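In what follows, a structure is listed as structure tokens, so that the remarks can point back to it.
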Amino acid sequence: MSDAIATADAISFDPPAVAPERDLMSKFDGLIAERRMLADAGVRDPFGIVMDEVKSPTVAMIKGKETILLGTYNYMGMTFDPDVIQAGKDALDQFGSGTNGSRMLNGTFHDHMEVEQALRDFYDVSGAIVFSTGYMANLGMISTLVGKGEYVILDADSHASIYDGCAQGNAEIVRFRHNSVEDLDKRLGRLPKEPGKLVVLEGVYSMLGDIAPLKEMVAVAKKHGAMVLSDEAHSMGFFGPNGRGVYEDQGCEADVDFVVGTFSKSVGTVGGFCVSNHPKFEAIRMACRPYIFTASLPPSVVATAAASIRKLMHAHNKRAHLWENARMLHGGLIDMGFKLGTATPESAIIAVILEDQTQAVMMWQALLEAGIYVNMARPPATPAGTFLLRCSLCAEHTPDQIRQVLGTFQAAGRSMGVIG
């Protein structure tokens with residue numbers, strides 16, 4: 001029995017012998033059938049990878065095989081930093097494994113205050129609020145900031161957490177074409193002037209790794225009297241002279257009202273946050289349901305985040321090396337003939353575009369069996385008809401590892417007929 005089929009059986013894709021003709025779970029029949037088809041074809045489940053051991057920011061053991069990690073968001077390689085790990089161990093010893101409460105009750109410990117101060121220092125702002133995840137940060141900020149009779153204007157390719165934040169609120173939702181300054185201007189111009197408006201942008205878009213023309217978009221938003229929230233989840237740590245993100249790199253810090261980010265990428269742990277210089281920013285704590293009605297992060301987690309953020313303030317060499325890695329991988333894949341999401345390396349995300357799901361899954365598996373893990377992305381995470389092998393680079397990847405990755409991509413691409 002193949003590993004794929006054994007895995008499929010273990011997670012019960014087969015329906016029971018007797019089942020109702022239709023119930024609330026019937027809507028998932030298409031997904032179950034799709035995964036069963038892949039399993040029957042001998043393909044490992046792309047969404048069921050287990051890391052048996054992680055040896056470093058760039059290497060893990062998967063099914064007993066040493067594997068180069070090219071699909072994590074550990075951009076700055078902070079997960080194994082000795083100072084970061086020690087901060088977590090110290091907090092675990094001092095405060096225990098959890099808070100057993102929300103931030104509004106008994107869930108604020110010393111290290112929650114410390115990580116929020118680290119964020120204020122890193123971003124040079126007056127206000128910082130930490131959420132349990134980056135998803136919760138977008139969910140909370142957007143649904144709290146924009147209410148009934150107001151407008152939230154977002155890029156059509158926005159992350160799911162941004163869409164869900166819009167859905168949880170009561171504001172009118174207006175979408176504009178991806179990265180189109182002209183369409184943003186046009187749609188803002190059609191809205192009534194009196195209601196409040198929030199334009200939600202992302203520094204780096206996670207699927208293709210392309211960056212937003214934030215400077216022009218922020219200028220358009222301000223022309224129409226809108227506030228701006230920029231999600232810098234995929235740019236924190238290595239864009240801009242201080243690593244604050246694309247909004248710093250493009251020189252629009254003074255005009256971005258709210259910056260959302262996450263600890264699960266460059267910071268190397270888990271959690272989310274929003275920072276702002278708005279004088280009334282602290283009021284969010286008293287009104288934001290995803291902040292109030294959920295448990296706070298364990299003290300060991302926020303302690304590691306604080307230590308990591310303070311080290312990222314001085315990680316200039318890491319930033320430079322990450323960009324070297326991005327240029328090396330992007331250039332090598334282009335030279336081989338792969339179709340990529342961007343013409344030049346715009347971020348630490350390098351997306352290889354494939355023709356269909358079968359081709360994407362088979363090549364993903366060929367890479368994994370050869371010791372390279374990348375992420376496979378498909379609709380609805382990607383635009384309709386777009387299938388990606390999404391590579392996420394780390395500052396700790398060595399030139400030898402990048403060369404090994406390129407060689408493996410070339411062999412897999414040729415065997416699948418993707419390149420000549």
Side-chain angles (χ1 to χ4, degrees), residues 134-235 245-247 250 252 255-262 272 274 288-290 341-342 346-347 349 351 353 377-388 390:
Y135 176 94
M136 295 284 275
N138 270 331
L139 194 72
M141 288 303 303
I142 295 169
S143 63
T144 305
L145 282 170
V146 199
K148 188 173 183 179
E150 297 173 324
Y151 292 88
V152 56
I153 303 94
L154 70 156
D155 189 293
D157 286 2
S158 291
H159 189 266
S161 61
I162 293 173
Y163 272 104
D164 290 353
C166 295
Q168 182 161 313
N170 294 313
E172 297 293 326
I173 301 168
V174 178
R175 297 192 303 173
F176 62 91
R177 288 196 308 275
H178 178 54
N179 273 351
S180 174
V181 178
E182 180 184 4
D183 198 39
L184 172 62
D185 190 17
K186 183 188 300 182
R187 292 180 186 276
L188 279 168
R190 292 172 179 168
L191 300 179
K193 293 185 178 180
E194 294 77 17
K197 303 173 189 69
L198 178 70
V199 174
V200 181
L201 306 168
E202 293 181 65
V204 174
Y205 286 86
S206 61
M207 285 297 109
L208 298 180
D210 54 328
I211 63 173
L214 283 184
K215 190 174 185 65
E216 294 83 0
M217 287 184 162
V218 170
V220 166
K222 293 302 172 182
K223 180 180 78 171
H224 291 282
M227 299 186 84
V228 177
L229 182 151
S230 184
D231 183 335
E232 299 287 346
H234 289 276
S235 63
V246 173
Y247 84 111
Q250 295 189 13
C252 42
D255 293 317
V256 171
D257 300 282
F258 309 97
V259 174
V260 165
T262 181
C274 184
C288 181
R289 294 171 68 87
T342 58
E346 295 186 17
S347 69
I349 298 170
I353 300 176
R378 46 151 288 179
T382 62
T386 302
F387 300 89
L388 307 175
R390 188 177 51 170

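Residue indices begin at 1 and follow the sequence shown. Remember, it's a predicted structure, so these values are computed and weren't measured experimentally.
- Annotation for Gly140 and Pro290: closest pair CA-CG, 3.6 Å, computed over non-hydrogen atoms.
- Residues meeting the side chain to side chain donor-acceptor pair (under 3.5 Å) test with Ser206, sequence neighbours left out: none.
- Qualifying salt bridge (Lys or Arg N to Asp or Glu O under 4.0 Å) partners for Lys222, counting only residues two or more places apart in sequence or in other chains: Asp257.
- Judged as a ring pair (Phe, Tyr, Trp, His ring centres under 6.0 Å), the pairs with a partner in residues 141-190 (not counting sequence neighbours) are, in order, His178-Tyr205.
- Listed by chain and residue number, Val146 satisfy the side-chain contact (heavy atoms from CB on, under 4.5 Å) test with Glu150 (two or more places apart in sequence, or in another chain).
- Evaluation of the side-chain hydrogen bond (donor to acceptor under 3.5 Å, both in side chains) test over residues 186-200, restricted to residues two or more places apart or in two chains, returns Asp183-Arg187.
- Not a single side chain to side chain donor-acceptor pair (under 3.5 Å) links Asn170 to another residue, sequence neighbours left out.
- Ile162 places a side-chain heavy atom less than 4.5 Å from the side chain of Ile142.
- At a threshold of 4.5 Å between non-hydrogen side-chain atoms, the residues Glu232 and Val246 count as touching.
- Here Asn138 pairs with Ser161, Asp231 under the side chain to side chain donor-acceptor pair (under 3.5 Å) rule; sequence neighbours left out.
- Residues Asn179 and Asp157 fail the side-chain proximity criterion, which asks for heavy atoms closer than 4.5 Å.
- In terms of the side chain to side chain donor-acceptor pair (under 3.5 Å) criterion, residue partners of Asp185 (sequence neighbours excluded) are, by chain and number, Lys223, His224.
- Distance check, rounded to the nearest 0.5 Å: CG of Leu214 to OG of Ser235 gives 8.0 Å.
- Of the options Ile349, Ile211, Asp210, a side-chain contact (heavy atoms from CB on, under 4.5 Å) to Thr342 is made by Asp210 and by none of the others.
- Gln168 approaches Ser143 most closely through the heavy-atom pair NE2-OG, 3.8 Å.
- In terms of heavy atoms, Leu139 sits closest to Gly165 at CD1-N, 3.7 Å.
- Considering only heavy atoms from C-beta on, Ile153 stays 4.5 Å or farther from Val200 through its side chain.
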